[in-house]
Every structure is written in C-alpha cells, then in structure tokens.
Amino acid sequence: MPDATSNGVDPRALSDEDLLRELRHLHETRTDALRHAADQALAEHSRRTNQLEAEYLTRYPEREVDPERLRAGARAR
C-alpha cells in the first residue's frame, strides 16, 4: 500500500462511494493518459488504478459477474 512518498489517499481509507468515484475517473481518463501522458504520468496512472482496483476486489470478492463476460457467454453469442 502507499507509503509516505506515494500520491493519493490510501485506498483503504476511502468510502465505497469515493472508491467508485475514483475508479470511474481513472477509467474515463485512461485512453488520454495512454495516448498523451509522459511515461512517468502513465506509470502513476497505472499504479493508482492498480491500487484502487485491488481495494475494490478486496471489498467485493463476490462481485456480480455478468455471464456474458465469461467464455461460455462469449461462445453462446
């Protein structure tokens, strides 16, 4: 998890609402970061996304999985 030199609030300290808001924002800005950000900024974007996604999965290990997103669902299409 973040140390004193990391940027951003520790994901464990975020409310569920704040965690989801931060994830939405990172996902909205991903393509722009990939296409136009400096290498360091893209690496930071990836690091923060990974942190927040890991926290989400920790909180919601039994999250709802759309059957269409599984191999069987894809094969059925």
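Heavy-atom neighbours of H27 NE2 from other residues, nucleotides or ligands within 6.0 Å: above the threshold of 12. Surrounding CG of D39 are at most 12 heavy atoms belonging to other residues, nucleotides or ligands under 6.0 Å away.
Nearest heavy atom pair, residue E55 against residue L19, reads CG-CD2, 4.0 Å.
In this structure, a donor-acceptor pair under 3.5 Å is absent between the side chains of T29 and D32. Judged purely by distance below 3.5 Å, without hydrogens or angles, the side chains of D16 and Y60 pair a donor atom with an acceptor atom. With hydrogens and angles left out, the side-chain atoms of R12 and T58 include no donor and acceptor closer than 3.5 Å.
Here the CG atom belonging to L42 is positioned 5.0 Å from the CZ atom belonging to R30, to the nearest 0.5 angstrom.
Partner T49 forms a side-chain contact (heavy atoms from CB on, under 4.5 Å) with one of R47, H45, Q51 and no other, that one being H45.
In this structure, L52 and R48 have side chains that are in contact, with non-hydrogen atoms separated by less than 4.5 Å. Counting only heavy atoms from C-beta outward, the side chains of E22 and P11 never approach each other to under 4.5 Å.
In terms of modelled atom types and a separation under 3.5 Å, the side chain of D18 and the main chain of L14 share no donor-acceptor contact.
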